[in-house]
Amino acid sequence: MTIGYACLTVGVHDATFRTCRKDRATTETLARLIKSNLASLNNIFDYNIKQNIELFRISSDIIPFGSHPVNPLRWWDLFRDELTALGEKTRRHNMRLSMHPGQYTVLNSPREDVVQRAKEDLAYHTQFLDALGLDRRHKIVLHIGGAYGDKSAAIERFIKNYHELDDNIKDRLVIENDDKIFNIHDVLLIGSEADIPVIYDNLHNQVNPYDDRADAQWIEEASKTWRTKDGRQKVHYSQQHPDKKTGSHSETIDLGAFLTFYNAFPNTDVDIMLEVKDKNLSAVKCINAAERHHIKYLEQEWAKYKYLVLEHSPQNYQSIRNLLKDKAAYPVVAFYQLIDEALQTVPEIGHIINAGQHVWGYFKKSCDAQTKKRFEKTVERVRAGGTALPMKKLLLKEAQRNNEIYLLDSLYFKDVI
DNA sequence: CGTGGTCAAGGGCCG
DNA sequence: CGGCCCTTGACCACG
């Protein structure tokens with residue numbers, strides 16, 4: 001079993017993905033963006049390896065306009081060295097990758113041109129994973145598409161168009177239930193009919209259910225569509241955002257609900273892809289809750305969270321310090337509950353300044369007078385009700401100048417890196 | 001220089 | 001037919 005996350009990271013340095021607007025896409029610009037994005041992907045891999053996260057979804061934007069004629073680059077040749085190295089790293093560290101074309105890739109459209117573009121888009125995604133030299137356990141996840149007023153005709157069209165795909169695409173393709181049209185029952189029918197592995201998505205099923213069957217039962221059903229050559233069964237897990245509209249992903253994973261979900265299928269070995277706004281942070285959280293039982297993992301987490309928690313809630317900061325005193329215990333749920341609660345709290349101006357001054361303590365002896373003056377100016381801005389970003393940017397710069405690894409890894413800087 | 005506002009490839013659905 | 005889905009990065013205008 002592995003737990004992973006999708007596409008983007010929080011608090012990881014040099015791990016952003018760049019793109020451009022179509023009207024500005026020259027080959028020079030595109031090549032520069034691809035090079036930068038592959039470097040970011042490499043940094044994300046390094047982070048994942050360090051955190052023992054073995055499941056990751058690569059953003060479709062990794063190659064800007066990867067399946068659009070505006071991008072004529074033979075990127076798989078131009079960046080062969082980088083791609084090969086990324087693939088070797090993936091295999092060496094037993095990572096499993098996937099990709100997930102968006103809602104605009106519609107294989108079952110009645111419009112021939114739309115189907116054609118969908119095929120080209122699937123070919124692009126396949127080519128990317130092929131360029132890394134990865135086997136077919138590394139999947140491409142697709143939704144079924146539209147209904148067009150006749151669901152069974154739409155399903156037939158999906159199956160027909162699926163069979164027209166090249167074998168190397170079909171080997172990677174898996175299908176997922178969606179939140180509006182094709183529920184898990186529909187997708188399982190398609191999967192067993194056309195021999196396509198099925199990903200069960202719990203939130204989509206909650207929003208667009210077939211009947212009242214529990215998650216574990218659908219996971220058991222979906223497991224029958226996975227063959228050995230496809231690798232471990234995969235599922236998607238997410239939670240409803242409390243305030244946003246139905247189907248919106250939560251900010252972070254609530255461990256209580258996650259563990260209830262997780263413990264409901266103790267005998268089924270699955271890979272769980274989390275879909276959640278705080279990305280890698282929830283992946284580490286869930287891995288710590290599901291797989292680990294030593295206080296050192298919570299201490300490692302605390303090193304990253306502490307200044308951010310201090311900024312939001314000095315009370316919770318103290319509570320967590322007390323919680324971690326017993327080195328024989330493993331209070332993982334309580335630990336993250338205190339962190340989540342703190343991060344939901346809007347920070348007071350005094351707490352923002354206090355946390356900033358804690359971090360400033362690393363530099364105040366060694367820095368020059370001008371830096372000190374500038375820091376004090378940013379603090380005054382916060383005190384006057386202004387944003388904390390300039391203060392944090394200055395502190396980050398100082399951390400980089402002094403190469404303070406402990407601080408550079410801190411989530412305190414997650415919004416300014 | 002920092003920041004706040006607006007736009008962006010793609011297709012389908014709904015009111 | 002227009003708005004919405006879903007998002008963050010790019011870009012521009014402004015102080």
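The nearest whole Å value for the distance from the CG atom in D23(A) to the C1' atom in dA10(C) is 11 Å. For the pair R18(A) CZ and dC11(C) P, the interatomic distance rounds to 11 Å; values are reported in whole Å. Taking atom CZ of residue F17(A) and atom C1' of nucleotide dA9(B), one finds them 19 Å apart after rounding to whole Å. Taking atom CZ of residue R32(A) and atom C1' of nucleotide dG9(C), one finds them 13 Å apart after rounding to whole Å. Taking atom NZ on K277(A) and atom P on dC6(C), their separation rounds to 11 Å, with Å as the unit. Across the protein-nucleic acid pair, D61(A) atom CG and dT8(C) atom C1' stand 9 Å apart, rounded to whole Å. Rounding to whole angstrom units, NE2 of residue H68(A) and C1' of dG11(B) are separated by 14 Å. Rounded to an integer number of Å, the gap from K245(A) NZ to dC5(C) C1' is 8 Å.
Across all strands shown, T387(A) has heavy atoms under 4.0 Å from sugar-phosphate atoms exclusively, and none from any base. Within the 4.0 angstrom heavy-atom criterion, only backbone atoms of the sugar-phosphate kind lie near G146(A); the bases stay farther away. Within 4.0 Å (heavy atoms only), K393(A) reaches sugar-phosphate atoms of the nucleic acid but no base atom. The residue R21(A) sits close to a base: some heavy atom pair falls under 4.0 Å. If you check every strand for non-hydrogen atoms under 4.0 Å, D121(A) touches nothing. A147(A) comes within 4.0 angstrom of the backbone, heavy atoms only, and of no base.
Distances shown here put every side-chain N or O of K244(A) at or beyond 4.0 Å from the OP1 or OP2 atom of dC5(C). Taking side-chain N and O atoms only, S109(A) has a distance below 4.0 Å to OP1 or OP2 of dG12(B). Between dG12(B) and Y104(A), no contact under 4.0 Å exists linking OP1 or OP2 to a side-chain N or O. Neither OP1 nor OP2 of dC7(B) sits under 4.0 Å from any side-chain N or O of R24(A).
Checking dC6(C), dA9(B), dG12(B) against the side-chain heavy atoms of K22(A) singles out dA9(B) as nearest. Of all nucleotides listed (dG12(B), dC5(C), dT3(B)), dT3(B) comes nearest to the side chain of P390(A). The side chain of R381(A) sits closest to dG2(B) out of dT8(C), dG2(B), dG12(B). Here the side chain of V114(A) is nearest to one of dG10(B), dC5(C), dG12(B), namely dG12(B). Taking only side-chain atoms of L8(A), from C-beta outward, the nucleotide of dT8(C), dG10(B), dG12(B) with the closest atom is dT8(C).
Between the side chains of H125(A) and S60(A), at least one donor-acceptor pair of N or O atoms lies under 3.5 Å.
Separating the P atom of dG11(B) from that of dA10(C) is a span of 23 Å, rounded to the nearest Å. Atom P of dG3(C) sits at a distance of 12 Å from the matching atom of dC7(B), rounded to the whole Å. For the C1' atoms, the distance from dG9(C) to dG12(B) is 25 Å, rounded to whole Å. Across the P atoms, dA8(B) and dG2(C) are found 15 Å apart, a figure rounded to whole Å. The same atom, C1', is picked in dT8(C) and in dC13(B); the two are 24 Å apart, to the nearest Å. Separation of the P atoms belonging to dT3(B) and dT7(C) is 25 Å when rounded to the nearest angstrom.
Aromatic pair H143(A)/H204(A): centroids less than 6.0 angstrom apart. Ring centroids of Y317(A) and W302(A) are separated by less than 6.0 Å, placing the two rings close together.
The pairing partner recorded for dT3(B) is dA13(C), the criterion being a Watson-Crick or G-U wobble arrangement whose two distances lie under 3.5 angstrom. Nucleotide dC6(C) forms no Watson-Crick or G-U wobble pair with any nucleotide shown, as no partner meets the under 3.5 Å limit on both distances. With a 3.5 Å ceiling on both atom-pair distances, dA9(B) lacks any Watson-Crick or G-U wobble partner.
Of the two residues contacting DNA chain C, namely L33(A) and T246(A), the nearest-nucleotide position lying further toward the 5' end is that of T246(A). Take the nearest nucleotide of DNA chain C for G247(A) and for T19(A): the residue whose nucleotide is more 5' is G247(A).
Between F261(A) and Y237(A), the two ring planes are tilted [angle within 30° to 60°]. Ring pair W75(A)/F128(A) is tilted by interplanar angle, where 30° to 60° counts as tilted.
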*Walk me through it: do Y362(A) and N402(A) pass the test side chain to side chain contact (heavy atoms under 4.5 Å, CB included)?*
CA-CA 9 Å; Y362(A) 282 80; N402(A) 293 282; over 6 Å; no

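Exactly one of R374(A), K373(A), K372(A) qualifies for a salt bridge (charged side-chain N to carboxylate O under 4.0 Å, His left out) with E376(A). That residue is K372(A).
In this structure, R157(A) satisfies the cation-pi test against Y148(A), with its NZ or CZ atom closer than 6.0 Å to the six-membered ring centre and inside 45 degrees of the ring normal.
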